[in-house]
Amino acid sequence: MEKTYSFEELLSERGYIVYTCKGTSMMPLLRQHRDIIEIRPKGDERCEKYDVVLYKRGNKYVLHRILRVLPDGYIIAGDNNTILEYDIKDEEIIGKMVRLVRDGKEIWMTDQKYLLYVHLWCDFYPVRMFLLRVKRKLWRIGSRLKRRMFSR
């Protein structure tokens, strides 16, 4: 039987993790089961605003973006999320995303186009959150209307 490794063990033994993400919280940057990401160990240094970090919440691994660096932690959210996560500590962060591969093309987190995306996406966070909430509300209203129309 093949041994399974935790992300912490893989980072410790190999120095990197390459895998595809699960979930939609980091869309449009990361497409579920399609894009390949590379994670490197965090190290002793503090993370920076806009880093995409891998951390553990309970028994689940989460890959989200740092939106604000605080003296004793971070405020983090997925690019597609409307809820912020507070009080994420340095010791909870396992690694940082350094590269993604989309449709065979490598995109490094130091690439100028990626950095432009990050600033546009994150600097307009309040506008995005408003638009996402409106979109979700309209979707719920549409779903209710469909149910009413077809339940007769």
Side-chain angles (χ1 to χ4, degrees), residues 4-12 14-144:
T4 57
Y5 293 89
S6 69
F7 285 154
E8 294 93 333
E9 290 172 324
L10 287 171
L11 284 169
S12 176
R14 295 185 185 165
Y16 66 93
I17 302 169
V18 174
Y19 72 105
T20 184
C21 65
K22 203 167 113 176
T24 58
S25 68
M26 284 301 292
M27 284 184 60
L29 176 66
L30 299 175
R31 301 173 303 175
Q32 177 173 237
H33 301 300
R34 293 176 66 191
D35 297 328
I36 299 167
I37 58 176
E38 179 180 342
I39 306 290
R40 295 281 173 168
K42 175 189 168 294
D44 294 330
E45 74 284 350
R46 298 274 339 260
C47 295
E48 297 177 7
K49 185 176 182 178
Y50 304 138
D51 282 348
V52 176
V53 295
L54 178 67
Y55 61 100
K56 204 166 185 178
R57 182 176 24 175
N59 292 331
K60 291 186 174 186
Y61 292 98
V62 180
L63 187 75
H64 282 168
R65 183 180 307 283
I66 293 176
L67 297 179
R68 190 160 176 212
V69 177
L70 304 172
D72 60 343
Y74 304 95
I75 298 174
I76 296 180
D79 285 358
N80 194 34
N81 286 4
T82 56
I83 298 172
L84 300 176
E85 296 176 71
Y86 295 88
D87 298 323
I88 304 299
K89 307 288 184 213
D90 278 297
E91 52 274 9
E92 296 173 89
I93 297 174
I94 299 162
K96 293 182 354 183
M97 185 171 77
V98 296
R99 168 177 75 109
L100 76 95
V101 179
R102 170 169 287 168
D103 301 326
K105 182 180 177 193
E106 286 187 343
I107 302 167
W108 291 90
M109 304 304 93
T110 54
D111 182 78
Q112 291 300 313
K113 288 180 185 176
Y114 169 78
L115 294 173
L116 177 63
Y117 158 81
V118 168
H119 282 284
L120 289 174
W121 193 255
C122 294
D123 293 344
F124 290 101
Y125 177 80
V127 174
R128 277 192 306 109
M129 291 308 98
F130 173 76
L131 294 174
L132 278 172
R133 287 182 181 119
V134 167
K135 176 185 164 192
R136 288 176 182 152
K137 184 135 183 114
L138 290 173
W139 187 84
R140 283 193 299 270
I141 291 168
S143 295
R144 280 190 220 128

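Just so it is clear, the values below take in all heavy atoms, side chains as well, and ignore hydrogens, waters and symmetry mates.
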Taking it one step at a time, do Asp123 and Tyr50 satisfy side-chain contact (heavy atoms from CB on, under 4.5 Å)?
CA-CA 10 Å; Asp123 293 344; Tyr50 304 138; 2.4 Å; yes
Taking atom CZ as the centre, does Arg68 end up with more than 12 heavy-atom neighbours from other residues, nucleotides or ligands that are less than 6.0 angstrom away?
no
Which heavy atom in Lys49 sits nearest to a heavy atom in Val69, and how many Å separate them?
N-CG2, 3.5 Å
If you count heavy atoms of other groups shown closer than 6.0 angstrom to NZ of Lys89, is the number above 12?
yes
Would you please classify the geometry between the Tyr114 ring and the Tyr117 ring as parallel, tilted or perpendicular, with 30° and 60° separating the classes?
tilted
Lys42 (side chain) donor-acceptor with Glu45 (main chain) under 3.5 angstrom
yes
Could you check whether any side-chain heavy atom of Arg65 comes within less than 4.5 Å of a side-chain heavy atom of Leu29, counting everything from C-beta outward?
yes
Hey, is the main chain of Glu9 close enough, under 3.5 Å, to the side chain of Ser6 for a donor-acceptor pair?
yes
To the nearest 0.5 Å, tell me how far Ile93 CD1 sits from Cys47 SG.
4.0 Å
What distance separates His64 NE2 from Asn81 CG, expressed to the nearest 0.5 Å?
4.5 Å
Start with the C-alpha gap between Tyr74 and Val53, add the side-chain angles, then the distance that decides, and say whether side-chain contact (heavy atoms from CB on, under 4.5 Å) holds.
CA-CA 11 Å; Tyr74 304 95; Val53 295; over 6 Å; no
Do Val52 and Leu100 come within less than 4.5 Å of each other through their side chains, counting heavy atoms only?
no
Ile141 CD1: over 12 foreign heavy atoms closer than 6.0 Å
yes
Counting neighbours of CZ on Arg46 that are heavy atoms of other residues, nucleotides or ligands and sit closer than 6.0 Å, is the number greater than 12?
yes
Name all residues meeting the salt bridge (Lys or Arg N to Asp or Glu O under 4.0 Å) criterion together with Asp35; count only those two or more places apart in sequence or in a different chain, and write none if there are none.
Arg31, Arg102
Can you name the nearest heavy-atom pair linking Gly15 to Pro41, along with the distance?
O-CD, 3.1 Å
Could you report the tightest heavy-atom contact between Glu106 and Arg99, atom names first, then the distance?
OE2-NH1, 2.8 Å
Output the distance between atom CG (Asp79) and atom CG (Leu67), rounded to the nearest 0.5 Å.
8.0 Å
Rounded to the nearest 0.5 Å, what's the gap from CG on Leu10 to OH on Tyr16? Could you check?
9.5 Å
Would you give the length of the straight line joining atom CD1 of Ile66 to atom OH of Tyr55, rounded to the nearest 0.5 angstrom?
9.5 Å
For Asp111, enumerate each residue passing the salt bridge (Lys or Arg N to Asp or Glu O under 4.0 Å) test, keeping only those at least two apart in sequence or located in another chain.
none
Do any N or O atoms from the side chain of Glu38 and from the backbone of Val18 form a donor-acceptor pair under 3.5 angstrom?
no
I'd like to know whether Lys96 forms a side-chain contact (heavy atoms from CB on, under 4.5 Å) with Met109, so could you lay out the CA-CA distance, the side-chain angles of the two residues, the decisive distance to 0.1 Å, and finally the verdict.
CA-CA 10 Å; Lys96 293 182 354 183; Met109 304 304 93; over 6 Å; no
Apply side-chain contact (heavy atoms from CB on, under 4.5 Å) to Leu138 and Arg140, showing your working.
CA-CA 5 Å; Leu138 290 173; Arg140 283 193 299 270; over 6 Å; no
Who pairs with Tyr19 by ring pair (Phe, Tyr, Trp, His ring centres under 6.0 Å), at least two apart in sequence or on another chain?
Phe7
Closest non-hydrogen atom pair, Thr20 against Arg34
OG1-N, 3.5 Å
Greater than 12 external heavy atoms within 6.0 Å of Trp108's CH2:
yes
In Å and rounded to the nearest 0.5 Å, what is the CD1 to CD1 distance from Ile39 to Ile94?
9.5 Å
